[in-house]
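Throughout, protein chains are lettered first and strands after them, A, B, ... in sequence-line order, and every chain is numbered starting at 1.
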Protein chains: 2
Amino acid sequence: MHSGKKTTHRSACPVSLSLEVLGDRWSLLIVRDMMVRAFRSFKQFQESGERIATNILADRLRKLESAGIIVAEGDPGDGRRSVYRLTERGIDLAPLLLELLIWGARHAAEGDPQGPCAAIGAMVQHRAAVLSEVRRRWAEHDDRPLQAADGRWLWP
Amino acid sequence: MHSGKKTTHRSACPVSLSLEVLGDRWSLLIVRDMMVRAFRSFKQFQESGERIATNILADRLRKLESAGIIVAEGDPGDGRRSVYRLTERGIDLAPLLLELLIWGARHAAEGDPQGPCAAIGAMVQHRAAVLSEVRRRWAEHDDRPLQAADGRWLWP
DNA sequence: CCGGATCCGTTTCGATACTG
DNA sequence: CAGTATCGAAACGGATCCGG
C-alpha cells in the first residue's frame, strides 16, 4: 500500500460483482422460481425448493424488493396481500441464471457420466431462444411456468 | 402433490442452481480474482478486494478445491508458498462471471446516469471474444491480469 | 515474511411457535 | 395464509499465534 487509503467500501466499478444482494444462498433461488416456475406467492417459495425458513424468506423478499429486483403488489380481489413480480432489473438476471444452470448441469454429473440432465445440450444451443422466450413471457404477463409438471424443461 | 414424496434432497436436475458452493459472498470473488486479475497466492486474495478474514479465506479455498474449481500446488523452489490455479471447471465459470459483471455494471449505476462503467457496452458486445481470451490465457498459463493497473478493462 | 490455525465476540441462519 | 418472535446453532470477522 503506497497510501493509507481506507477503502471503506469495496473496489471501484470495473470488476465489482454486486454480490451484496445476490451473494447468498436463497436470493437467486427465489428469482429462478419466479422466472422459470412462475411462482408468485410467499407460500409457493416456502414449500417448493429447499425448505427456506419463513423469516429468512421474508427477509430475502424484502431485500430483493429494496434492491429493485422484485416488486410486491397487493392482490386485487384478495385483501390478504402477496403477489411478487420481477422487475425489469430482475428479468435482466435471466442470462446469469441460465449460465449458472448450465454450469451446474455440466459439472454436477455425479453418478451420471453420460449426461446429467439431457437437456443441457439444448440449453447451451438455444441460449438466445431461451432468453427471448423468458423476456416475451414477462412482457406479456404470461404466468405459465417454463417447466413442465414432470420436471422437464419446456424449452426448445 | 399427487404423491407423498418426501423430497429429502433438493429438486432433481432441471432447475438446480448448485449454489451450495457458489452461493456465498466470497467464492465467486476469489474465482474472479484468479480469472481476471491473475491472483495466485493467499496473500493476494487477502489484501485485495474486500478484506476477507484469513480463516474464511482458508475455508473458501479449501471448499473451492474440494469442489474441483481450483487446485492448490506447492510452489517448486519455494517451499513455503502455495499456488492456486483454476481447473477447467473453474474456467467454465467465466460466462457466469461475465454475466454477473454485466448485470452489476448495468444496474448499479448509482450517481452515474450516463454510464456506470463505460466499458459495459464493450463487454456486452464482445462476450464471445472476452470468453475466448480468458480461455486462451488459461490454456497457455498466461499469468498477466486482464485488468490494467488503473482499473480499466483491457478487453476488446 | 507467508500460509494458515485457533480463540472469541458478534452477526446471521434455521426450526418452530405464534399472531393478524 | 402471510408474515413476526424467539432461541439455539452455525457462520462471520478480528486478532493473535504458530510452523516453515
OP1 or OP2 of dT12(C) under 4.0 Å from side-chain N/O of R25(A): no
Measure from CD1 on I56(A) to P on dT4(D) and round the result to the nearest Å. 12 Å
Counting only side-chain heavy atoms from C-beta out, which of dA2(D), dG3(D), dG13(D) sits nearest to S41(A)? dA2(D)
Under 3.5 Å: donor-acceptor pair, side chain of W26(A), backbone of I52(A): no
Calculate, to the nearest 0.5 Å, the distance between atoms CD1 and CD1 belonging to I91(B) and I70(B) respectively. 12.0 Å
If the cut-off is 4.0 Å, is W26(B) near the phosphate of dA11(D), judged by side-chain N/O to OP1 or OP2? no
Would you call R127(B) and I102(B) a side-chain contact if the rule is heavy atoms closer than 4.5 Å? yes
Is there any protein nitrogen or oxygen under 3.5 Å from a nitrogen or oxygen in nucleotides 7-10 of chain D, and what are the pairs?
none

Find the distance R51(A):CZ to dC13(C):P and express it as a whole number of Å. 19 Å
Using side-chain contact (heavy atoms from CB on, under 4.5 Å) as the criterion, list what pairs up with D143(B), not counting sequence neighbours. R40(B), R85(B)
Do T54(B) and dA5(C) share a donor-acceptor pair, side chain to base, under 3.5 Å? yes
Taken to the nearest whole Å, CZ/F45(A) to C1'/dG14(C) is 19 Å
Gap between atoms CD and C1', on E65(B) and dG3(C) respectively (whole Å): 14 Å
Rounded to the Å, how far apart are D59(A) CG and dT11(C) P? 15 Å
Considering just the side-chain nitrogens and oxygens of Y84(A), establish if one lies under 4.0 Å of OP1 or OP2 belonging to dG3(D). yes
Is a side-chain donor or acceptor of W103(A) paired with a backbone partner of R89(B) at a separation under 3.5 angstrom? yes
Atom pair distance, as rounded to whole Å: CZ in F42(B) and C1' in dG19(D): 14 Å
K63(B) atom NZ is separated from dA11(D) atom P, nearest whole Å, by 6 Å
With respect to the side chain of R62(A), which nucleotide from dG3(D), dG3(C), dT4(D) is positioned closest? dT4(D)
Options dG14(C), dG14(D), dG3(D), nucleotide nearest the side-chain atoms of S82(A): dG3(D)
Salt bridge or not between R136(B) and E133(B)? Use side-chain N to carboxylate O under 4.0 Å. yes
Short side-chain to backbone donor-acceptor contact, R25(A) and D24(B), under 3.5 Å: no
Expressed in angstrom and rounded to an integer, what is the separation of D24(B) atom CG from dT11(C) atom C1'? 16 Å
